[in-house]
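Remarks on the structure that follows.
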Amino acid sequence: MAVRGAGPAPCRVVVCRDCCCGTAKVTGVDHAAQTAHLEAEVPVRVSACLDVCEQANVVVVQPSAAGRAAGARPVWLGLVNDPDAIEDVIGWVHAGGPGAAPLPDILDLYTFTPPRLGGTASRDARRVGS
């Protein structure tokens with residue numbers, strides 16, 4: 001897991017790994033290796049289903065405390081199935097992530113707005129956007 005300092009809350013990556021994301025339903029992806037690589041590079045939290053299965057594999061980049069103070073909100077990325085996309089996420093997080101570094105143009109292709117959270121959404125999903 002990435003080393004965390006004693007400073008303000010860092011940018012964090014939430015990785016959905018449940019009913020569709022992280023399973024054989026998304027073919028051609030080594031899900032365990034993808035998650036392990038992210039965990040080795042940046043702060044990661046593995047989540048239960050985020051209720052956007054049509055976007056599998058879903059990664060949510062949460063802003064750091066400084067990014068949040070600057071008004072940034074979590075950025076939802078869908079269809080993150082390519083190793084290069086994971087490298088782009090890691091690079092953006094290392095640069096500061098939402099509110100601290102501009103979203104790389106290539107990652108803009110993966111962004112989506114999740115449906116309003118509620119109803120059958122998991123407790124973890126509701127916490128992602130808070």
Side-chain angles (χ1 to χ4, degrees):
M1 182 169 273
V3 177
R4 293 181 180 99
C11 185
R12 176 181 315 274
V13 175
V14 177
V15 180
C16 184
R17 290 291 183 259
D18 200 18
C19 66
C20 293
C21 297
T23 71
K25 289 181 183 178
V26 179
T27 60
V29 178
D30 183 341
H31 303 285
Q34 184 186 64
T35 303
H37 182 53
L38 279 166
E39 288 177 327
E41 295 289 332
V42 297
V44 171
R45 183 172 69 83
V46 176
S47 174
C49 185
L50 295 173
D51 289 339
V52 285
C53 297
E54 68 280 0
Q55 295 288 335
N57 283 322
V58 175
V59 172
V60 182
V61 182
Q62 295 180 315
S64 64
R68 179 75 71 168
R73 302 291 302 152
V75 175
W76 289 64
L77 305 170
L79 306 173
V80 183
N81 302 317
D82 184 276
D84 290 338
I86 293 297
E87 293 303 322
D88 293 329
V89 169
I90 290 168
W92 185 38
V93 170
H94 284 172
L103 177 71
D105 290 341
I106 192 70
L107 288 182
D108 190 48
L109 298 173
Y110 294 90
T111 62
F112 71 97
T113 301
R116 184 156 184 89
L117 299 174
T120 61
S122 69
R123 185 172 66 244
D124 287 339
R126 287 190 288 275
R127 272 189 261 144
V128 166
S130 58

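Computed from heavy atoms alone, side chains included, the values below leave out hydrogens, waters and symmetry copies.
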Would Phe112 end up clustered with Val14 when hydrophobic side chains under 4.5 Å apart are linked, directly or stepwise?
yes

Between Cys11 and Ser64, what is the shortest heavy-atom contact and its length?
N-CB, 3.4 Å

Using the side-chain contact (heavy atoms from CB on, under 4.5 Å) rule, take Val75 and Arg73 through it: C-alpha gap first, then chi angles, then the decisive distance, then the call.
CA-CA 6 Å; Val75 175; Arg73 302 291 302 152; over 6 Å; no

For Arg17 and Ser47, test the side chains for any donor-to-acceptor distance below 3.5 angstrom and give the result as yes or no.
no

Where do Gly96 and Ala101 come nearest, in terms of heavy atoms and distance?
N-CB, 4.3 Å

Any side-chain heavy atom of Pro74 sitting closer than 4.5 Å to one from Pro98?
no

Kindly say whether Gly97 contributes a backbone atom to a donor-acceptor pair with the side chain of Gln62 at under 3.5 angstrom?
no

SG on Cys21 to NE2 on His31, rounded to 0.5 Å:
8.5 Å

May I ask whether Val61 and Ile90 are part of the same hydrophobic cluster, defined by side-chain heavy atoms of I, L, V, M, F, W, Y residues being less than 4.5 angstrom apart, directly or through others?
yes

Look up atom CG in Leu38 and atom CZ in Arg45, then write down how far apart they are to the nearest 0.5 Å.
14.0 Å

Minimum heavy-atom separation for Pro63 and Arg68, please, with both atom names.
CB-N, 3.8 Å

Minimal non-hydrogen separation, Cys49 against Asp18, with atom names:
N-OD2, 2.9 Å

For Pro102, does its backbone N or O pair with a side-chain atom of Trp92 as donor and acceptor, under 3.5 Å?
yes

Report the distance from atom OG1 of Thr111 to atom CD of Gln55, rounding to the nearest 0.5 Å.
9.5 Å

Between the main-chain N or O of Val89 and the side-chain N or O of His94, is there a donor-acceptor pair closer than 3.5 Å?
no

Take atom CG of Asp30 as the centre, draw a 6.0 Å sphere, and report whether it contains more than 12 heavy atoms from other residues, nucleotides or ligands.
yes

Donor-acceptor pair, side chain of Thr35 and main chain of Ala32, under 3.5 angstrom
no

Evaluate side-chain contact (heavy atoms from CB on, under 4.5 Å) for Glu41 paired with Ile86, printing each intermediate quantity in order.
CA-CA 10 Å; Glu41 295 289 332; Ile86 293 297; over 6 Å; no

Minimal heavy-atom distance between Val58 and Trp76, with the atoms involved, is CG1-CE3, 4.0 Å

With no hydrogens and no angle check, is any side-chain donor or acceptor of Asn57 less than 3.5 Å from a backbone partner on Asn81?
no

Starting from Val29, can I reach Val44 by hopping between I/L/V/M/F/W/Y residues whose side chains sit under 4.5 Å apart?
no

Say you draw a straight line from SG of Cys20 to CG of Leu50; how long is it, rounded to the nearest 0.5 Å?
11.5 Å

Nearest heavy atoms of Leu107 and Ala85, plus distance in Å:
CD2-O, 4.0 Å

Going only through I, L, V, M, F, W and Y residues with side-chain contacts under 4.5 Å, is there a path from Val13 to Val26?
no

From CG (Leu77) to CG (Leu103), nearest 0.5 Å:
7.0 Å

